Amino acid sequence: DGGITQSPKYLFRKEGQNVTLSCEQNLNHDAMYWYRQDPGQGLRLIYYSQIVNDFQKGDIAEGYSVSREKKESFPLTVTSAQKNPTAFYLCASSISDRGKTQYFGPGTRLLVL
Amino acid sequence: EDKVVQSPLSLVVHEGDTVTLNCSYEVTNFRSLLWYKQEKKAPTFLFMLTSSGIEKKSGRLSSILDKKELFSILNITATQTGDSAVYLCAVDAPGAGSYQLTFGKGTKLSVIP
C-alpha cells in the first residue's frame with residue numbers, strides 16, 4: 001500500500017521536553033512538508049524539504065527542527081522553545097515537479113501536560 | 001503577502017440541498033488552486049484547477065476557477081451526511097525556488113438528515 005504514515009496518533013509533551021513526530025512515505029516523492037493546524041485556522045507551513053539533506057523554513061519555523069536524511073522520512077522535532085505546541089500536525093508529500101498535488105498523512109495531535 | 005479567503009466559514013444544510021463554497025485569493029505567481037476535503041484527519045485531495053472556465057467534476061462535486069476575478073467555487077449537489085467535513089482551498093503560488101501552498105481557513109460543512 002502506498003501512502004504517508006505519521007506516528008504517534010497522539011503525543012503528550014511535558015514542559016521543557018523535546019518531542020519528535022514521525023513522518024514516512026513510500027510514494028517515492030521528493031518533496032515533503034510539515035504543517036500545523038489550529039482550531040478554526042488553515043494549515044500553516046512549518047518546514048519543507050525538496051530533496052534529501054535539504055530543507056527550508058516555512059512561515060512558522062521557530063521552535064521546530066527537522067531533518068531529511070532519507071527520502072522516505074521527514075521527522076519533526078518540537079523543541080522546548082515552542083511555547084504553544086498544542087495543535088494538530090500534518091505531514092504531506094508531493095512529486096517535486098512544479099505544480100504537483102500534496103498528499104497528506106493522518107496527522108499527530110500534540111497535547112501539553 | 002499571499003492571501004486565501006474562504007467563505008462562508010461554516011454552513012449547515014439539509015440532506016439533498018446544493019451548496020456552493022467560495023475561495024478567493026490574492027497571490028503573486030499563481031500556478032494552481034487546489035481543493036481538499038478534511039473529515040477527521042488527513043485532508044484528501046479533490047481537485048486541482050489551473051485554467052479559467054474549465055469545470056472539473058467528480059460525482060456530485062464540481063469546481064471552477066476564474067483567474068480574472070481571482071476566485072474558485074466548489075459545488076456539491078444533492079448533499080449527503082457523508083459530505084460533512086471541512087473543505088480547504090489552497091493556492092500554489094511559489095516564490096523563487098519554493099513550492100509552498102497557501103491555505104485558507106476552510107469552510108466547515110454540516111449536512112443534517
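To find a chain, count down the sequence lines: A is the first, B the second, and so on, and within it residues start at 1. These figures come from a predicted structure and were not determined experimentally.
- When heavy atoms are compared at a cutoff of 4.5 Å, A/Leu43 approaches chain B by way of both its backbone and its side chain.
- Contact annotation: the side chain of B/Phe47 never approaches that of A/Thr101 to less than 4.5 Å [non-hydrogen atoms, C-beta and beyond].
- Linking ILVMFWY side-chain heavy atoms closer than 4.5 Å, directly or via other members, places B/Leu88 and A/Ile46 in two distinct hydrophobic clusters.
- Note: the hydrophobic cluster containing B/Leu33 does not contain B/Ile64 (ILVMFWY, side chain heavy atoms under 4.5 Å, direct or indirect links).
- Residues A/Gly105 and B/Ala42 come closest through the heavy atom pair O-CB, 2.8 Å.
- The distance from the CZ atom of A/Phe104 to the CZ atom of B/Phe45 is 11.0 Å, given to the nearest 0.5 Å.
- Applying the 6.0 Å contact sphere to CD1 of A/Ile51 captures no more than 12 heavy atoms from other residues, nucleotides or ligands.
- Between the side chain of A/Tyr103 and the main chain of B/Thr44, no donor-acceptor pair closer than 3.5 Å is present.
- Under the 4.5 Å side-chain heavy-atom criterion for grouping Ile, Leu, Val, Met, Phe, Trp and Tyr, A/Val19 is connected to A/Ile60 within one hydrophobic cluster.
- The distance from the OG atom of A/Ser94 to the CG atom of B/Asp92 is 9.0 Å, given to the nearest 0.5 Å.
- Separation of atoms NZ (B/Lys41) and CZ (A/Arg109) is listed at 10.0 Å; rounding is to 0.5 Å.
- At most 12 heavy atoms of other shown residues, nucleotides or ligands fall within 6.0 angstrom of atom NZ in A/Lys57.
- Residue B/Gln6 does not touch chain A at all, counting heavy-atom pairs closer than 4.5 Å.
- The interface of residues 66-75 of chain B with chain A, defined by heavy-atom distances below 4.5 Å, is empty.
- The side-chain heavy atoms of B/Tyr36 and A/Gln102, taken from C-beta on, include a pair separated by under 4.5 Å.
- Residues B/Leu61 and B/Leu11 share a single hydrophobic cluster, defined by chaining ILVMFWY side chains whose heavy atoms lie under 4.5 Å apart.
- Interface remark: A/Gln6 contributes no atoms to any contact with chain B (heavy atom separation under 4.5 Å).
- Residue A/Phe88 holds its CZ atom at 6.5 Å from CD of B/Gln38, rounded to the nearest 0.5 Å.
- Counting heavy-atom pairs closer than 4.5 Å to chain B, the top-ranked of the candidates A/Arg44, A/Lys9, A/Gln41 is A/Gln41.
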TODO: Quick one: do B/Leu101 and A/Tyr35 satisfy side-chain contact (heavy atoms from CB on, under 4.5 Å)? Show the steps, please.
DONE: CA-CA 10 Å; B/Leu101 292 181; A/Tyr35 292 91; 3.9 Å; yes

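- The local environment of CD in B/Glu26 is sparse, with at most 12 non-hydrogen atoms from other residues, nucleotides or ligands closer than 6.0 Å.
- Under a hydrophobic clustering in which Ile, Leu, Val, Met, Phe, Trp and Tyr are joined whenever their side-chain heavy atoms come within less than 4.5 Å, directly or via other members, B/Val4 and B/Phe103 fall into different clusters.
- For A/Lys71, the NZ atom is densely surrounded, since the number of other residues' heavy atoms within 6.0 Å is greater than 12.
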